[in-house]
Engineer: 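Can you read through this structure? Questions will come right after.
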Amino acid sequence: MFAAERRQLILEMVRANGAVSLRELARVVQTSEVTVRRDVRALEAEGLLDRRHGGAVLPGGFTRESGFPQKSHLATAEKTAIADLAANLVEEGEAIVVGAGTTTQELARRLARVPGLTVVTNSLLVAQALAHANRVEVVMTGGTLRGSNYALVGSGAEQSLHGLRVSRAFLSGSGLTAERGLSTSNMLSASVDRALVQAAAEVVVLADHTKLGTDTMFQTVPTDLITRLVTDEPPAHDDRAATELQALADQGVQIAVAGGQGGSAGSAGPGGDAVPARQQRRDVPLPGPRRQVPGGGGGGLRSTSMLGEQGPGAERARVADLRRR
């Protein structure tokens, strides 16, 4: 494929999807990430797109929201690794909320094996993934169906969450920055996500590296309310993604990196099951108290400590190591 043809295809993918990772572009045009990066730079110089952390987006600062068919084919390997790692945070008998999104849909498929679990969701895709799980109770919000992402939104969805209290919320979004936290491109989706956050004692954000540093119109979760970020290993050249991770860690967000390279043994999840080495966790402990599940009672909800065994200096060094790769 000639360079002009390759760049035209890259431009068409970005226009169709709003944001595309370098990995995905390289796979589609069947060339190396180094070549794709050079093409993206050339297209950016012409004002046709903007470079972002490990990917490319539509020009203009804020990325627009892609539809579900486009999102479902983006960063599939990264979403799978993130979902595998995030599922290890969920314990038997917990009550959680799971928001809408393709990454949370992947998480739901893995939660079907957790006995005694109660999942509250506004996502038809999450509910469908758990529909045949005999030992999982699914509670859906009310609301109006938003067809682009198969989610229930509006006042009906928000009112159904009033008075709810669960241990954790698992949310995704369109962008994540240390300055604004998690954001999305749709006002109705953002409003429901904020209601989901208010129902949870802890907030876990699932976001692949292409969303790091991306800012969209409507804030859903400010950084100081994010307990943990589960993400994937940024590419070695992506210094800006590593910088964003460090900034999030400095603000007290625990960082768990799926696909991290390390020893063959991996690390243990909350349930005692080993996490494979390719999904090894790299955690940054909280510097001080954050939102916790109230002790005693609380509707039988349980809280699991997610702090690492090592000291803060060693953990921060792990995140800083991402910048050197």
Side-chain angles (χ1 to χ4, degrees), residues 1-44 46 48-60 62-86 100-107 109 125 148-149 172-177 184-185 205-216 229-242 244-245 257-261 278-279 322 325:
M1 187 181 295
F2 293 110
E5 296 175 305
R6 198 172 55 240
R7 291 172 185 176
Q8 181 61 34
L9 180 56
I10 289 171
L11 190 57
E12 289 174 359
M13 288 183 64
V14 173
R15 285 173 175 170
N17 299 301
V20 187
S21 70
L22 289 178
R23 292 176 185 174
E24 189 70 13
L25 290 171
R27 184 187 67 81
V28 171
V29 302
Q30 298 182 341
T31 188
S32 68
E33 287 189 31
V34 174
T35 300
V36 167
R37 194 178 308 115
R38 188 163 53 242
D39 290 336
V40 168
R41 286 197 186 104
L43 291 168
E44 183 182 44
E46 297 178 36
L48 299 174
L49 52 74
D50 289 341
R51 283 187 298 158
R52 286 294 183 270
H53 308 267
V57 302
L58 290 173
F62 293 110
T63 59
R64 70 173 177 82
E65 184 179 40
S66 304
F68 174 78
Q70 292 80 25
K71 288 182 179 180
S72 62
H73 293 95
L74 294 176
T76 53
E78 290 87 344
K79 292 173 183 176
T80 297
I82 290 169
D84 286 340
L85 183 53
T102 52
T103 310
T104 52
Q105 180 188 22
E106 287 295 323
L107 171 64
R109 289 171 177 153
L125 299 176
S148 61
N149 65 345
S172 187
S174 302
L176 177 65
T177 65
T184 188
S185 303
V205 171
L206 312 182
D208 64 77
H209 73 274
T210 64
K211 296 178 181 178
L212 295 175
T214 298
D215 204 1
T216 51
L229 165 65
V230 184
T231 187
D232 64 295
E233 186 85 20
H237 62 272
D238 197 349
D239 294 338
R240 291 163 63 183
E244 198 72 45
L245 285 176
V257 179
Q261 299 179 13
R278 70 179 183 86
Q279 298 160 4
L322 295 175
R325 295 190 172 194

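All of these numbers come straight from a predicted model, not from anything done at the bench.
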Engineer: To the nearest 0.5 Å, how far apart are OG1 in Thr102 and CG in Asn149?
Structural biologist: 10.0 Å

Engineer: Under the criterion side chain to side chain contact (heavy atoms under 4.5 Å, CB included), which of Thr184, Asp215, Thr214 is the partner of Ser174?
Structural biologist: Thr184

Engineer: Are Glu44 and Arg51 within salt-bridge range, i.e. N to O under 4.0 Å?
Structural biologist: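 Salt bridge present between Glu44 and Arg51.
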
Engineer: Does Ser185 use its side chain to pair, donor to acceptor, with the backbone of Thr216 at less than 3.5 Å?
Structural biologist: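 Between the backbone of Thr216 and the side chain of Ser185 there is no qualifying donor-acceptor contact (under 3.5 Å).
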
Engineer: In Å, rounded to the nearest 0.5 Å, how long is the span from NE2 of His209 to OG of Ser21?
Structural biologist: 5.5 Å

Engineer: Out of curiosity, Gln105 CD to Leu125 CG, how far, rounded to the nearest 0.5 Å?
Structural biologist: 4.5 Å

Engineer: Measure the spacing between CG of Asp208 and CG of Asp232 and express it to the nearest 0.5 Å.
Structural biologist: 5.5 Å

Engineer: Between CD of Gln8 and CG of Asp39, what distance do you get to the nearest 0.5 Å?
Structural biologist: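 These two atoms lie 12.0 Å from each other.
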
Engineer: Looking at every heavy atom in both Ala207 and Leu176, which two are closest together, and how far apart are they?
Structural biologist: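 Looking at all heavy atoms of both residues, the shortest contact is CB-CD2, 4.4 Å.
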
Engineer: Would you say that Glu24 contacts Thr210 through its side chain, given a criterion of any heavy-atom pair below 4.5 Å between the two side chains?
Structural biologist: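 No; the side chains remain at least 4.5 Å from each other.
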
Engineer: For Pro234 and Arg23, work out which heavy atoms get closest and say how close.
Structural biologist: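 Taking Pro234 first and Arg23 second, the nearest heavy atoms are C-NH2, 4.1 Å.
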
Engineer: Between OG1 of Thr35 and CD of Gln30, what distance do you get to the nearest 0.5 Å?
Structural biologist: 13.0 Å

Engineer: Which one of Val257, Leu206, Leu229 satisfies the side chain to side chain contact (heavy atoms under 4.5 Å, CB included) criterion with Ile82?
Structural biologist: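 The option that passes is Leu206.
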
Engineer: Go through the structure and list residues passing side-chain hydrogen bond (donor to acceptor under 3.5 Å, both in side chains) with Thr231, not counting sequence neighbours.
Structural biologist: none

Engineer: Hey, does Leu107 have a side-chain heavy atom less than 4.5 Å from the side chain of Thr103?
Structural biologist: no

Engineer: Return the minimal non-hydrogen interatomic distance between Ser172 and Ala100, and the atom names on each side.
Structural biologist: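 Minimum heavy-atom contact is CB-O, 4.4 Å.
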
